[in-house]
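Each chain gets a letter, A, B and so on, in the order its sequence line appears, and its residues count up from 1.
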Amino acid sequence: MAYWLMKSEPEEMSIDDAMDESAVPWFGVRNYQARNFMRDQMRIGDGVLFYHSSCAEPGIAGIAEVASTAYPDHTQFDSKSHYFDPKSTPEIPRWMMVDVKALRKTTLLSLTEMRNSPELSTMLVLQKGSRLSITPVTPQEWHAVLALLDK
DNA sequence: GCCAACGTTGGC
DNA sequence: GCCAACGTTGGC
């Protein structure tokens with residue numbers, strides 16, 4: 001079992017939105033590295049840190065789990081969608097997504113708190129210049145985050 | 001709104 | 001394959 005951090009803009013989909021659904025399709029990823037993580041490595045039951053980005057209070061807002069293996073992101077074929085990709089075809093889809101099931105909303109572990117926690121300093125999301133919307137999390141980092149969330 | 005950092009595109 | 005130009009991310 002693996003662990004991941006997945007960014008979502010709360011204005012697009014917040015932890016509250018995700019908690020209202022049994023699972024949510026993680027559409028809109030348009031970065032090859034992030035896609036490859038979903039397509040090649042994610043398994044049902046993997047742990048997910050649900051991170052709010054591009055907002056007033058960025059940080060980890062909840063715990064979730066991977067609820068499906070990867071399948072084609074339908075928004076790439078929708079010419080009216082913001083995520084439309086004219087170079088992708090249903091025969092050879094370029095972009096994939098997984099379903100994510102939110103398990104619980106937590107008190108926010110803010111980006112500032114994360115940066116101030118030495119045990120989290122190795123997290124990829126905290127590295128200078130890191131922009132990946134999906135990053136692997138080590139078991140040590142996962143447990144350190146859970147310990148901070150339970151404080 | 002600014003801007004650093006990164007990813008992608010496309011001409012050569 | 002190189003790399004300049006451009007677009008995007010995302011914190012501040």
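You'll find the side chain of A:Val125 reaches within 4.5 Å of the side chain of A:Met114, heavy atoms only. Residues A:Leu109 and A:Leu120 have side chains in contact (heavy-atom distance under 4.5 Å, counting atoms from C-beta outward). A heavy-atom distance below 4.5 Å is found between the side chains of A:Ile134 and A:Met42. A:His52 has its side chain within reach of A:Ser14: a pair of non-hydrogen atoms, C-beta onward, lies under 4.5 Å apart.
Toward the 5' end of DNA chain B, the nearer of the two residues A:Asn31 and A:Lys87, judged by each one's closest nucleotide, is A:Asn31. When each of A:Arg94 and A:Ser130 is assigned the nucleotide of DNA chain B with its nearest heavy atom, A:Ser130 is the one assigned upstream, toward the 5' end.
Reading DNA chain C from its 5' end, the first and the last nucleotide to sit under 4.0 Å from a heavy atom of chain A are C:dG7 to C:dC12.
A ring-centre distance under 6.0 Å is not found for A:Trp26 and A:Tyr83.
Within a heavy-atom distance below 4.0 Å of DNA chain C, the residues of residues 7-19 of chain A found are A:Lys7.
Residues A:Asp85 and A:Trp95 approach most closely at OD2-NE1, 2.8 Å, considering heavy atoms. Between A:Leu132 and A:Phe37, the closest heavy-atom pair is CD1-CE1, 4.0 Å.
More than 12 heavy atoms of other residues, nucleotides or ligands shown are found within 6.0 angstrom of CD on A:Gln41.
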